[in-house]
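Inspection log for the structure reproduced underneath, given as structure tokens.
Below, read A as the first sequence line, B as the second, and so on, with proteins coming before strands; counting in each chain starts at 1.
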Protein chains: 2
Amino acid sequence: MTEELMTIREMCATYDVTPRTLRFYEAKELLFPIREGQKRLFTKRDHARLKLILRGKRFGFSLEEIRQLLDLYHVGDQQLTQMSRTYEIACERLADMELRREELTQAIDDLKEQLRWGEKVIASMKQEKKAAE
Amino acid sequence: MTEELMTIREMCATYDVTPRTLRFYEAKELLFPIREGQKRLFTKRDHARLKLILRGKRFGFSLEEIRQLLDLYHVGDQQLTQMSRTYEIACERLADMELRREELTQAIDDLKEQLRWGEKVIASMKQEKKAAE
DNA sequence: CGTTTGCATTACGTAAACGTCATCTAAGTG
DNA sequence: CACTTAGATGACGTTTACGTAATGCAAACG
């Protein structure tokens, strides 16, 4: 069941995506499935990355932006300068995301207020209807 | 300065978009500038709607989804049934957005943790470099 | 052993969201 | 009045993120 390696179909079923999508992500270097002969086998790492990809998409990040974000999660053993640069970029992203959350909160509050107004309108309309009967 | 009606250029300057974008939004019935002869004049209502459009885009909503959301903000005097339906849709949207915010919060926390890890790595690399000198 | 089944590659198609270019008008400017 | 300026209207081009065949291979099944 919860095996270490998954075929493309199993991945599709697990994450509700198409094979095309997974191959596309590999072509774009977002995923790196290993090969058993010709066939792709998706590793634990691919699972983690795909989850982050799908989450990123829900926030309107482009695949290219997501790729850059993903690179932050597998840095390994790079040069100090590169590492620092990566760190800076990550900080900027974080700031972006926090700003986004604030905006989202604002949007949620706006919509809530609108809904309260809507409730009142509906209530009064029901009253009118009743009165007209 | 802060006049009631704006030309297309003034709108572009104010919101950092192109004329093409504004005409496109009009074609898609997201904006409804009035006409003075041939020329478009954008009203207060268009300002409000454009702000919401741009905000929606930052969260990965499609223009069509945004259009539906915008409709919630000008309902006016519709039928009760339509109003109720609109209200339901709005509630669903609200739930979506709150879910999104939770996910975003999760993503922010993940990234923060990653950054703390990154700080440690950078610190230790600086140590190594120092030791190597 | 023929044939599904599962996956591969290659290539062309598509919807969304504009960009870009060509052409046209109406209004103002020296 | 020639000319620039601001804006309008098509029409075609472009990028992103896949969808959709068409074709091929290799193992597994009846």
Would you find more than 12 non-hydrogen atoms of other residues, nucleotides or ligands less than 6.0 Å from B:Glu88 atom CD?
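Enclosed: over 12 neighbouring heavy atoms sit under 6.0 Å from CD of B:Glu88.
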Greater than 12 external heavy atoms within 6.0 Å of A:Asp16's CG:
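For A:Asp16, atom CG is not crowded (no more than 12 foreign heavy atoms under 6.0 Å).
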Contacts of type side-chain hydrogen bond (donor to acceptor under 3.5 Å, both in side chains), residue [X], not counting sequence neighbours:
X        : result
B:Thr14  : none
A:Arg23  : none
A:Lys112 : B:Glu98
A:Asp110 : A:Gln106, B:Arg55

Go through the structure and list residues passing side-chain contact (heavy atoms from CB on, under 4.5 Å) with [X], not counting sequence neighbours.
X        : result
B:Arg100 : A:Phe59, A:Leu104, B:Phe59
A:Gln68  : A:Glu64, A:Arg93
B:Lys51  : B:Tyr15
B:Phe32  : B:Glu29, B:Arg45, B:Asp46, B:Arg49

DNA chain C contacts made by [range], counting heavy atoms under 4.0 Å:
range                     : value
residues 12-22 of chain A : A:Arg20
residues 36-43 of chain A : A:Gln38, A:Lys39, A:Arg40
residues 55-64 of chain B : B:Lys57, B:Ser62, B:Leu63

Rounded to whole angstrom units, what separation is found between the CD1 atom of B:Ile34 and the P atom of D:dA8?
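Rounding to the nearest Å, CD1 of B:Ile34 and P of D:dA8 are 13 Å apart.
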Take the protein atom OH of A:Tyr25 and the nucleotide atom P of D:dT16, then report the distance between them rounded to whole Å.
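The answer, rounded to whole Å, is 14 Å.
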Where does the chain A footprint on DNA chain C start and end, counting 5' to 3' with a 4.0 Å heavy-atom cut-off?
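Taking any atom under 4.0 Å from a heavy atom of chain A, the span is C:dC7 to C:dA11.
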Between the side chains of B:Arg35 and B:Glu26, is the shortest nitrogen-to-carboxylate-oxygen separation below 4.0 Å, so that they form an ion pair?
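A salt bridge is present here (some side-chain N lies under 4.0 Å from a carboxylate O).
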Which is it for B:Leu22 and B:Phe42 under the side chain to side chain contact (heavy atoms under 4.5 Å, CB included) test, yes or no, and what are the steps along the way?
CA-CA 10 Å; B:Leu22 294 179; B:Phe42 294 85; 4.1 Å; yes
Begin with the C-alpha distance, continue with both residues' side-chain angles, and end with the deciding distance and a verdict on side chain to side chain contact (heavy atoms under 4.5 Å, CB included) for A:Arg58 and A:Leu54.
CA-CA 7 Å; A:Arg58 282 195 289 280; A:Leu54 297 177; 4.2 Å; yes
